[in-house]
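Notes follow the structure.
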2 protein chains.
Amino acid sequence: MSAEDFKSAKEKFLAFIEGKGLRLTTQRMAIIDTVFSTEEHFTAEQLLDWSRQRDQSVSRATVYRTLPLLTESGLVSEMDFGKDHKYYDPNYAQHPNHNHIICQDCDRIVEFESEKIERLEDEITHNLGFSLKTQRIQINANCEELKKLGSCRNKDCR
Amino acid sequence: MSAEDFKSAKEKFLAFIEGKGLRLTTQRMAIIDTVFSTEEHFTAEQLLDWSRQRDQSVSRATVYRTLPLLTESGLVSEMDFGKDHKYYDPNYAQHPNHNHIICQDCDRIVEFESEKIERLEDEITHNLGFSLKTQRIQINANCEELKKLGSCRNKDCR
DNA sequence: GTGGGTGCAAAGTGTTTGCAAGTGT
DNA sequence: ACACTTGCAAACACTTTGCACCCAC
């Protein structure tokens, strides 16, 4: 993400906050800075950890109270990969149609887009009498490298 | 679902159970009968209710202990529509790759399959160094009929 | 100053599990 | 008989919320 994208996503959110007449507390600012300076998918707990590195006083409750604001603003999307916790995706504003491959071995999440698939989805949906509003593809996969070599070089592979 | 499909899905599961050396208790039978006599997507709680109509002694714990067997057998699939509870889909055995259109107007869930999309998904996943294990597409859509006519004839349209 | 915001801890919610009693094979 | 199963209730993991204090505006 370029410095300009960073600036604009964060500023969009600040404008959103201001538009709702909400306040800019130091804790919220720490959370916002954290969210808009990463490209990774994160969980509520990770966001708490990272935010606390910026401001020790951030509490779990404030993180959980801020997340709905982020998703409501449209700048972060909530993803459910079937794990016990939700993931949050800060790349949504730039790529609203991106899809996910979730590696069962690594827990790695890889994103992809495909215009061809989008076109097919649109066609099928239309033929069934609906108009496509949003779509999402989740692919659960295995790491081929792991299968072949017995290990996998993704640094967070377990 | 035809009577034959009904018979075979249930029998497949009974064979699966037997193959694992597990027992056929009356409670399990009530749950199994329930699952394989519906085409609807259901939640754990609904399955408990329905099963209790067949056998009052079925407990929540047994339902939760049976669900993993059902998904493990491949005859029922676990679906996450982003709600707080999981849905289970008993149509999986016949159509292992089916996808869902969720109508925002009707709350109707329509299923579809597409070999073309499957091929594209497989290709993309492979190119990224993974092998596709399972996939799932969710399309949130609007009802075109509703948009044009101001109402929609789906009987459960709200 | 005031109304929204915060941390803490308790409460919720859906799901899982330890245990002693029960039951299919 | 034996090992698998069950119901119950307690335990869990993640998320939400009530409350009294706090602070951005």
Side-chain angles (χ1 to χ4, degrees), chain A residues 13-35 41-73 76-89 107, chain B residues 13-35 41-73 76-88:
Chain A
F13 187 68
L14 294 179
F16 172 83
I17 285 285
E18 198 188 341
K20 298 199 75 169
L22 301 177
R23 291 174 189 170
L24 212 48
T25 62
T26 55
Q27 291 88 346
R28 251 180 206 164
M29 205 60 201
I31 294 169
I32 294 168
D33 280 335
T34 303
V35 168
H41 302 75
F42 53 82
T43 63
E45 202 61 25
Q46 283 176 309
L47 181 53
L48 174 63
D49 282 351
W50 296 341
S51 300
R52 275 188 168 161
Q53 289 173 21
R54 291 171 188 261
D55 179 346
Q56 185 59 41
S57 77
V58 173
S59 74
R60 184 168 284 105
T62 299
V63 166
Y64 276 107
R65 282 191 271 238
T66 303
L67 281 168
L69 294 174
L70 288 160
T71 56
E72 202 190 324
S73 77
V76 171
S77 77
E78 193 180 275
M79 322 249 52
D80 210 317
F81 294 135
K83 314 257 174 187
D84 355 334
H85 40 66
K86 290 169 184 159
Y87 279 87
Y88 294 87
D89 182 342
D107 272 9
Chain B
F13 187 68
L14 295 180
F16 172 83
I17 286 285
E18 198 187 342
K20 298 199 75 169
L22 302 177
R23 290 174 189 169
L24 212 49
T25 61
T26 55
Q27 293 88 345
R28 252 182 205 160
M29 205 59 201
I31 295 170
I32 293 168
D33 281 336
T34 303
V35 167
H41 302 74
F42 53 83
T43 64
E45 202 60 26
Q46 282 177 310
L47 181 54
L48 174 63
D49 282 353
W50 296 342
S51 299
R52 276 188 167 160
Q53 289 173 21
R54 290 171 188 261
D55 179 348
Q56 185 59 41
S57 77
V58 173
S59 74
R60 184 168 283 105
T62 299
V63 167
Y64 276 107
R65 282 190 272 237
T66 303
L67 281 168
L69 293 174
L70 288 160
T71 56
E72 202 191 325
S73 77
V76 170
S77 79
E78 193 180 275
M79 322 251 47
D80 211 317
F81 293 136
K83 315 259 173 186
D84 350 335
H85 39 67
K86 291 169 182 158
Y87 277 88
Y88 295 87

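Naming convention: chains lettered A, B, ... in sequence-line order (proteins, then strands); numbering from 1 in each chain. No experiment lies behind these values; they were computed from the predicted model shown.
Summarising the geometry, the separation between CG on A:Leu48 and P on D:dA13 is reported as 17 Å, rounded to the nearest angstrom. Atom-to-atom, CD of A:Gln27 to P of C:dG4 comes out at 17 Å; the value is rounded to the nearest Å. Here the P atom of nucleotide C:dG5 and the CE atom of A:Met29 are 15 Å apart, to the nearest Å. Atom NZ in B:Lys20 sits about 16 Å away from atom C1' in D:dA3, given to the nearest Å.
Listed by chain and number, the residues in a side chain to side chain contact (heavy atoms under 4.5 Å, CB included) with B:Arg60 are B:Glu45, B:Leu48, B:Tyr64 (sequence neighbours excluded). Every residue two or more places apart in sequence or in another chain that forms a ring-ring contact (aromatic ring centres under 6.0 Å, His included) with B:Tyr87 is listed here: B:Phe81, B:His85. Residues meeting the ring-ring contact (aromatic ring centres under 6.0 Å, His included) test with A:Phe13, sequence neighbours left out: A:Phe16, A:Phe36. Every residue meeting the side chain to side chain contact (heavy atoms under 4.5 Å, CB included) condition with B:Thr62, not counting sequence neighbours, appears here in chain and number order: B:Gln27, B:Ile31, B:Ser59, B:Thr66.
Residue pairs meeting the side-chain hydrogen bond (donor to acceptor under 3.5 Å, both in side chains) criterion with at least one member in residues 13-24 of chain B, sequence neighbours excluded, are B:Lys20-B:Glu72.
Note on A:Arg65: every side-chain N or O is 4.0 Å or more away from OP1 and OP2 of C:dT6.
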Produce a footprint string for nucleotides 20-25 of chain C: one letter per nucleotide, 5' end first; B if the base is under 4.0 Å from any protein heavy atom, S if only the sugar-phosphate is, - if neither.
---BBS
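Here the closest heavy-atom approach between residue B:Ala30 and residue B:Thr34 is recorded as O-OG1, 2.7 Å. Closest non-hydrogen pair, A:Val63 versus A:Ala44, comes out as CG1-O, 3.7 Å.
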I'd like a table of atom pairs between the protein and nucleotides 14-16 of chain C - only N or O on both sides, under 3.5 Å - with the distance next to each one.
unit_1, atom_1, unit_2, atom_2, d
C:dT15, OP1, B:Lys86, N, 3.4
C:dT15, OP2, B:Tyr64, OH, 2.3
C:dT15, O5', B:Tyr64, OH, 3.4

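In this pair, A:Phe42 and A:Trp50 present their aromatic rings perpendicular. The plane angle is above 60°, beyond the 30 to 60° band.
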